[in-house]
Amino acid sequence: MSDTVAGLLQAGLLVVLLTAVYRPLGGYLARVFTSDRDLRIERGGYRLLGVDPTAEQTWAVYARSLIAFSVISLVLLFLIQRLQSHLPLSLGRPNVESGLAFNTAASFVANTNWQSYSPEVTMGHLVQFAGLAVQNFLSAAVGISVAIAVIRGFARSTTDRLGNFWVDLTRTTLRVLLPIAIVGTLVLVATGVVQNFSAGHEVTSVAGQTQTIPGGPVASQEVIKELGTNGGGFYNANSAHPFENPNPLSDLVEIFLLLLIPVCITRTFGLMVGDERQGYAILGVMGTLWAAFTFATTFFENQGAGTATQVAGAAMEGKETRFGEWASALFASSTTGTSTGAVNSAHDSFTPLGGGTALLHMMLGEVSPGGAGTGLYGMLVLAVLTVFVAGLMVGRTPEYLQRKVTAREIKLVSLYILTTPTLVLTGASTAMGLAVARASIFNTDSPHGFSEVLYAFTSAGNNNGSAFGGLSANIPFYNVALGLVMLLGRLVPIVLVLALAGSFARQQPVPVTQGTLPTDTALFVSMLAGVVLIVTGLTYLPALTLGPLAEGL
Amino acid sequence: MASSLRQAGVAVRALVLFTVVLGVAYPLAMTGVAQVLFHDQANGSIVRVHGQEVASSLIGQQYGERWFQTRPSAADYDGMGSAASQYGPNNPELVRLIDERRRAVAELEGVSPDRVPPDAVTASGSGLDPHISPAYAALQVNRVARARGLPVAEVRKLVQENTEGRTFGFLGEPRVNVVSLNAALAAL
């Protein structure tokens with residue numbers, strides 16, 4: 001079988017698997033968040049928390065609960081790293097230095113999982129499974145909860161209530177993430193992902209050399225790392241490490257898991273707003289963009305540009321033999337389009353335009369299909385912008401899902417869309433202006449060095465977490481700057497989108513008339529895709545020309 | 001203010017409860033079940049030769065000239081230091097390294113440099129890649145047979161036994177597992 005046929009079948013199988021679970025999981029999610037029954041274990045939990053599960057919150061209280069939870073999570077995760085050496089299962093590793101501990105805590109709470117550290121020498125088992133992996137669940141649950149609250153903003157009318165944050169968080173965790181994680185863990189272990197508490201044990205090779213085989217509860221963390229679109233590796237090499245991703249089958253399972261919720265939640269959206277076609281339209285935009293970026297990444301890697309790539313004969317630097325160019329490009333595109341940031345190959349070593357495509361994919365704002373929950377609300381914000389642009393063209397008051405888009409809504413949308421690029425471009429330009437930050441660049445030979453810095457801030461601002469790994473990011477400047485960019489890039493958009501949802505929920509729906517722009521048509525899908533690309537292009541093209549475009553064209 | 005404090009209290013209790021469930025019960029239970037159902041995989045797919053643990057079949061190692069060679073590694077196959085080189089596609093240092101590796105492989109195998117495949121001159125993403133391409137394995141058969149005084153056909157047969165095709169015929173890439181191949185050589 002030729003490489004091309006095999007590669008297409010591989011991507012095809014992924015699409016078939018996602019199609020098969022789309023309706024069941026999307027429907028299940030809708031039932032979870034519309035049911036008024038609590039499980040017994042949930043009722044016990046609410047009693048311990050002192051939360052009344054029937055008491056719904058306004059958008060402001062929802063946001064305040066979420067921020068309180070994020071701040072407490074940040075503090076605890078910081079402390080557990082700072083106290084590591086006094087805790088069990090530290091494997092003799094010292095306390096994590098404070099700048100790095102802040103960066104890591106911010107990173108995992110913000111669902112980014114940027115890693116300035118090398119886990120094998122920095123994190124003991126306890127910090128990983130009782131600290132980092134817990135945030136892998138909870139930060140994903142926070143993102144999904146926000147998406148559900150935003151859906152309610154469109155599904156409800158004349159109310160100021162968007163649901164209860166603690167109930168949404170609990171249900172997402174216990175009814176959605178945990179059951180899938182349990183099944184997924186066993187699947188991954190069966191393929192060869194390790195699951196033990198060993199500190200590593202020594203073997204003597206047939207050639208007489210000793211080697212330490214690492215251990216760890218990897219599979220249980222690997223599964224939520226993908227399912228929650230987190231991306232933080234148990235090991236430094238992330239999903240390129242054979243113990244995280246041992247073969248092409250585990251690789252496909254991991255790609256499937258990281259796309260699962262972002263894809264299926266579009267069905268939940270359609271069901272909850274009472275019009276399934278609206279969900280299909282959003283999925284149509286996400287799917288089109290994902291397919292286009294996957295094609296582009298694969299094309300550029302196969303083309304094999306770059307002096308070193310051509311001398312080698314193929315783009316295999318930084319890639320595993322078992323994955324090759326096709327499975328590496330499929331993973332790269334899916335991980336950068338979902339804000340996951342796990343990698344099964346070194347993006348820094350991709351061809352100039354292949355790596356540039358990964359960078360651009362994050363710059364779309366993580367909406368193709370985006371992170372767990374975050375992808376949906378990000379795309380809905382862009383949909384509101386699209387009806388606004390369309391409304392300007394024909395001179396009508398724009399509406400989306402029978403909600404008027406007035407000055408207040410469009411202000412919130414504009415702020416949402418400006419937040420991340422502001423953080424990314426301010427961060428990257430500040431870094432380039434500081435000698436100490438420039439000194440961290442590894443590939444100093446070409447515009448590639450600037451790409452490393454731009455990639456870092458794009459990844460942090462969009463809560464992706466992947467890296468052009470050559471950048472030595474474990475210095476105070478990057479630890480603090482990227483940490484702040486991750487937190488602001490996470491929480492500011494969440495507050496804005498919750499305010500937007502609150503504003504829509506208060507409205508009385510306007511009737512659909514002849515003059516209403518239908519938002520479930522191919523025309524709207526292409527307009528929305530166009531808006532995504534134009535907004536991104538206008539924002540980032542100047543920066544891209546200095547990096548990947550200068551290197552690749 | 002009072003409301004914020006109340007929310008913070010709820011947040012602390014929620015985080016503690018979730019940590020007990022997700023950070024303690026879940027990993028412990030999964031480890032227990034995995035250790036029972038998939039004991040070999042859960043413990044690293046260890047390879048034994050004459051009863052001795054010599055490797056994990058998933059983690060590559062470095063071997064001398066009497067053995068099949070793995071790919072170049074940015075981690076020197078240190079099991080506790082997985083890493084990629086992070087060289088960019090135009091990095092002159094990488095160009096120099098690739099040239100140097102190509103010459104070395106061609107000399108070791110006694111073939112012309114243009115026959116050396118890409119995986120033989122590039123470092124993997126993990127630095128622990130246990131696999132090489134079938135082309136690179138084929139290149140090494142004669143040298144290994146000569147060095148060990150084995151018939152070429154027998155070595156070729158061992159290579160074949162340690163070759164995996166694409167999963168289901170289309171997932172991933174065909175590859176030869178150097179670790180299990182060298183273990184098979186050692187077991188002869």
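Note that these values count all heavy atoms, side chains included, but never hydrogens, waters or copies made by symmetry. Numbered from 1 within each chain, the chains take letters A, B, ... in sequence-line order.
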Rounded to the nearest 0.5 angstrom, the CG-CD distance for A/Leu188 and B/Gln41 is 11.5 Å
Residue part contacting chain B, namely of A/Ile182, when any heavy atom lies under 4.5 Å: both
Is the number of heavy atoms from other residues, nucleotides or ligands within 6.0 Å of CZ (A/Arg47) greater than 12? no
Are more than 12 heavy atoms from other residues, nucleotides or ligands located less than 6.0 Å from atom CZ of B/Arg115? no
When the 4.5 angstrom heavy-atom criterion is applied to B/Phe168 and chain A, the contacting part is side chain
Under 4.5 Å from any heavy atom of chain B, what part of A/Ala141 do you find: side chain, backbone, both or neither? neither
Exercise: identify the closest heavy-atom pair between B/Thr31 and A/Gln195: OG1-NE2, 2.9 Å
From the list B/Met80, B/Arg102, B/Glu93, the residue making the most non-hydrogen contacts under 4.5 Å with chain A is B/Met80
Under a 4.5 Å heavy-atom cut-off, does chain B meet the side chain of A/Ala314, its backbone, both or neither? both
Counting heavy-atom pairs under 4.5 Å with chain B, which one of A/Thr204, A/Thr351, A/Thr309 comes out on top? A/Thr204
Quick one: does any side-chain atom of A/Asn443 pair with a main-chain N or O of B/Gln86 as donor and acceptor, under 3.5 Å? yes
Take A/Gln209 and B/Gln62 through the test side-chain contact (heavy atoms from CB on, under 4.5 Å) and record every step on the way to the result. CA-CA 8 Å; A/Gln209 289 181 328; B/Gln62 229 156 7; 3.7 Å; yes
Among B/Val10, B/Leu94, B/Val121, residue most engaged with chain A (heavy-atom pairs, under 4.5 Å): B/Val10
Counting only non-hydrogen atoms closer than 4.5 Å, does A/Thr170 touch chain B with its backbone (N, CA, C, O), its side chain (CB onward), both, or neither? both
Evaluate the side-chain proximity of B/Arg175 to A/Asn247: yes if any heavy-atom separation is below 4.5 Å, no if none is. yes
Does any heavy atom of chain B fall under 4.5 Å from the side chain of A/Leu13, the backbone, both, or neither of them? side chain
In the structure I gave you, are the side-chain heavy atoms of A/Val311 and B/Val95 within less than 4.5 Å of one another anywhere? yes
is_close_aromatic(A/Phe129, B/Tyr26), centroid dist under 6.0 Å: no
Determine the minimum heavy-atom distance between A/Leu186 and B/Phe38, stating which atoms define it. O-CE1, 3.8 Å
A/Arg322 side chain to B/His131 backbone, donor-acceptor under 3.5 Å: no
Minimum-distance pair of heavy atoms, taken over all atoms of A/Ile213 and B/Ala55: CD1-C, 4.5 Å
Is there a side-chain contact between B/Glu53 and A/Glu202 in this structure, where contact means two heavy atoms from C-beta onward sitting under 4.5 Å apart? no
Do you know which of B/Ala123, B/Gly172, B/Ala34, B/Ala183 has the most heavy-atom pairs under 4.5 Å to chain A? B/Ala123
Please look at B/Arg71 and chain A and tell me whether the side chain, the backbone, both or neither of the residue comes under 4.5 angstrom of a heavy atom of that chain. side chain
Less than 4.5 Å apart, any side-chain heavy atom of B/Asp78 and any of A/Gln211? no
Can you tell which part of A/Phe69 gets under 4.5 Å to a heavy atom of chain B, answering side chain, backbone, both or neither? both
Please report the closest heavy-atom contact between A/Gln10 and B/Leu171, naming both atoms and the distance. OE1-CA, 3.3 Å
Can you tell me which of A/Val75, A/Leu471, A/Asp348, A/Asn344 forms the most heavy-atom pairs within a distance under 4.5 Å of chain B? A/Asp348
Identify the two heavy atoms, one from B/Leu58 and one from A/Gly192, that lie closest to each other, and give their separation to 0.1 Å. CD1-O, 3.5 Å
Just so I understand: if I count every heavy-atom pair under 4.5 Å between each of A/Phe442, A/Trp326, A/Phe350, A/Tyr235 and chain B, which residue has the most? A/Phe442
Part of A/Asn196 lying under 4.5 Å from any heavy atom of chain B: both
Looking only at A/Leu76, A/Asp251, A/Leu138, A/Thr210, most heavy-atom pairs under 4.5 Å shared with chain B are made by A/Leu138
Just how far is it from atom CD of B/Gln7 to atom OH of A/Tyr62, taken to the nearest 0.5 Å? 12.0 Å
For A/Glu317 and B/Arg101, the nearest pair of non-hydrogen atoms, with its separation, is OE1-NH1, 4.0 Å
Would you say that B/Pro89 contacts A/Glu551 through its side chain, given a criterion of any heavy-atom pair below 4.5 Å between the two side chains? yes
Check each atom of A/Ser250 against the heavy atoms of chain B and say whether the ones under 4.5 Å are side chain, backbone, both or neither. neither
In terms of heavy-atom proximity below 4.5 Å to chain A, should B/Pro130 be classed as side chain, backbone, both, or neither? side chain
Which bit of A/Phe165 comes within less than 4.5 Å of chain B, counting heavy atoms only: side chain, backbone, both or neither? neither
Quick check on the interface: out of A/Gly469, A/Ser345, A/Ser446, who has the most heavy-atom pairs with chain B under 4.5 Å? A/Gly469
Given heavy-atom pairs under 4.5 angstrom as the criterion, report whether the side chain, backbone, both or neither of B/Ala84 touches chain A. side chain
Chain B heavy atoms under 4.5 Å from A/Val193: which part of the residue, side chain, backbone, both or neither? backbone
Under 3.5 Å: donor-acceptor pair, side chain of B/Asn90, backbone of A/Thr307: yes
Does any backbone or side-chain atom of A/Leu252 lie under 4.5 Å from a heavy atom of chain B? Answer side chain, backbone, both or neither. side chain
Exactly one of A/His241, A/Glu320, A/Lys319, A/Glu244 should register a side chain to side chain donor-acceptor pair (under 3.5 Å) with B/Ser126. Which one does? A/Glu320
Comparing A/Ala346, A/Ala240, A/Ala68, A/Ala312 against chain B, the one with the most heavy-atom pairs below 4.5 Å turns out to be A/Ala312
Side chains of B/Glu173 and A/Glu325, heavy atoms from C-beta outward: is any pair under 4.5 Å? no
Just list the side-chain donor-acceptor pairs under 3.5 Å for residues 15-24 of chain B, sequence neighbours left out, or say none.
| unit_1 | atom_1 | unit_2 | atom_2 | d |
| --- | --- | --- | --- | --- |
| B/Thr19 | OG1 | B/Leu15 | O | 2.7 |

Atom CD1 of A/Ile41 with >12 non-hydrogen neighbours under 6.0 angstrom: no
Please determine, among B/Ser82, B/Gly79, B/Gly44, the option with the most heavy-atom pairs under 4.5 Å with chain A. B/Ser82
Given a strict heavy-atom distance threshold of 4.5 Å, which part of A/His347 is in contact with chain B: side chain, backbone, both, or neither? neither
Examine whether an atom of A/Ser65 lies under 4.5 Å from a heavy atom of chain B, and if so say whether it belongs to the side chain, the backbone or both; otherwise answer neither. both
Among B/Asn91, B/Ile46, B/Val12, which has the most heavy-atom pairs under 4.5 Å with chain A? B/Asn91
Chain B heavy atoms under 4.5 Å from A/Ala315: which part of the residue, side chain, backbone, both or neither? neither
pair B/Arg166-A/Asp3: side-chain heavy atoms closer than 4.5 Å: yes
Please determine, among B/Ser85, B/Ser45, B/Ala186, B/Gly60, the option with the most heavy-atom pairs under 4.5 Å with chain A. B/Ser85
Identify, with sequence neighbours excluded, every residue that meets side-chain contact (heavy atoms from CB on, under 4.5 Å) alongside A/Ala207. A/Ser205, B/Tyr63, B/Trp67
